[in-house]
Chemist: 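Below you'll find the structure I mean.
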Amino acid sequence: MEFITNSSQETIELGKKIGAQLKAGDILAFYGELGSGKTTMIKGVCLGLGVAEESIVKSPSFIIINEYQGVYSIYHIDLYRIKDPSELYSLGLEDYLEGSGICLIEWAEKLNPELLAQAIKVQIEIIANTMRKIKIHGLKTLN
């Protein structure tokens with residue numbers, strides 16, 4: 001599936017639709033350059049999963065993993081600062097990936113692709129200042 005959004009709000013709205021379709025154990029792998037809108041999309045996904053609007057969803061770059069509670073436990077994982085894959089083992093990342101919560105992973109290209117074999121992949125590309133092309137692979141439908 002491919003979408004074009006023309007604002008942050010449209011990206012959030014698309015994220016809400018994605019979030020409403022997710023189930024326990026789902027993993028979303030986000031790809032895109034810095035500033036492309038990965039965290040913005042994740043805000044929408046979290047809203048679609050029932051996270052309260054007053055909960056602030058922001059990039060966990062400095063703490064790597066934020067947890068939110070919605071319909072399921074949601075783990076927002078940002079691998080931007082990871083330099084060596086061995087650092088991921090100390091985080092217990094596999095426990096999150098194999099758990100019953102939902103994992104939302106920014107900078108997923110830093111993971112072994114085998115860990116993401118069953119993940120829904122979201123590629124975000126900057127087209128213009130506020131315009132984004134968003135490609136989603138692994139999600140069957142979007143209502």
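What's counted below: heavy atoms across the whole structure, side chains too, no hydrogens, waters or symmetry copies.
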Chemist: Could you give the distance from CG (Leu111) to CG (Leu116), rounded to the nearest 0.5 Å?
Modeler: 5.0 Å
Chemist: Atom CG in Leu49, atom CG in Leu22: separation rounded to 0.5 Å?
Modeler: 5.0 Å
Chemist: May I have the step-by-step check of side chain to side chain contact (heavy atoms under 4.5 Å, CB included) for Asp78 and Ile64, ending in yes or no?
Modeler: CA-CA 5 Å; Asp78 187 328; Ile64 301 177; 5.8 Å; no
Chemist: Is a side-chain donor or acceptor of Arg132 paired with a backbone partner of Ile4 at a separation under 3.5 angstrom?
Modeler: no
Chemist: Taking only residues two or more places apart in sequence or in another chain, which ones pass salt bridge (Lys or Arg N to Asp or Glu O under 4.0 Å) with Glu13?
Modeler: Lys16
Chemist: Which residues satisfy the side-chain hydrogen bond (donor to acceptor under 3.5 Å, both in side chains) test with Ser73, sequence neighbours excluded?
Modeler: Gln69
Chemist: To the nearest 0.5 Å, how far apart are NZ in Lys43 and CE in Met41?
Modeler: 13.0 Å
Chemist: When rounded to the nearest 0.5 angstrom, what distance separates CG in Leu34 from OH in Tyr80?
Modeler: 5.0 Å
Chemist: Same cluster for Phe30 and Val51 if Ile/Leu/Val/Met/Phe/Trp/Tyr side chains link at under 4.5 Å?
Modeler: yes
Chemist: Show every side-chain hydrogen bond (donor to acceptor under 3.5 Å, both in side chains) that has at least one partner inside residues 119-131, sequence neighbours left out.
Modeler: none
Chemist: Look at the side-chain heavy atoms of Ile, Leu, Val, Met, Phe, Trp and Tyr, link any pair under 4.5 Å apart, and say whether Tyr72 and Ile18 land in one connected group.
Modeler: yes
Chemist: What is the minimum heavy-atom distance between Tyr68 and Cys46, and which atoms define it?
Modeler: CD1-SG, 4.1 Å
Chemist: Checking Glu106 against Ile42 for the side chain to side chain contact (heavy atoms under 4.5 Å, CB included) test, could you report, in this order, the C-alpha distance in whole Å, the side-chain angles of both residues, the deciding distance, and whether it holds?
Modeler: CA-CA 9 Å; Glu106 293 190 52; Ile42 287 172; 3.5 Å; yes
Chemist: So, for Ala29 and Ala108, which heavy atoms are closest and what is the spacing to 0.1 Å?
Modeler: CB-CB, 3.5 Å
Chemist: What closest approach, in Å, do Ser36 and Ile124 show between heavy atoms, and which atom pair accounts for it?
Modeler: O-CG2, 3.2 Å
Chemist: Mark yes when over 12 heavy atoms from residues, nucleotides or ligands other than Glu2 sit less than 6.0 Å from its CD; otherwise mark no.
Modeler: yes
Chemist: Might you work through the side chain to side chain contact (heavy atoms under 4.5 Å, CB included) test for Leu104 and Tyr75, ending with a clear yes or no?
Modeler: CA-CA 6 Å; Leu104 309 173; Tyr75 307 105; over 6 Å; no
Chemist: Can you check side chain to side chain contact (heavy atoms under 4.5 Å, CB included) on Ile65 and His76, steps first, answer last?
Modeler: CA-CA 6 Å; Ile65 300 172; His76 179 189; over 6 Å; no
Chemist: When rounded to the nearest 0.5 angstrom, what is the spacing between CG in Leu28 and CD1 in Ile120?
Modeler: 4.5 Å
Chemist: Does Val71 share a hydrophobic cluster with Leu139, counting links as ILVMFWY side-chain heavy atoms below 4.5 Å and allowing steps through other members?
Modeler: yes
Chemist: Has the side chain of Lys38 got a donor or acceptor atom that lies under 3.5 Å from a matching backbone atom of Gly32?
Modeler: yes
Chemist: Measuring from Leu47:CG to Lys17:NZ, what's the distance to the nearest 0.5 Å?
Modeler: 14.0 Å
Chemist: Is there a path of hydrophobic side-chain contacts, each under 4.5 Å between heavy atoms of I, L, V, M, F, W or Y residues, that connects Leu14 with Met1?
Modeler: yes
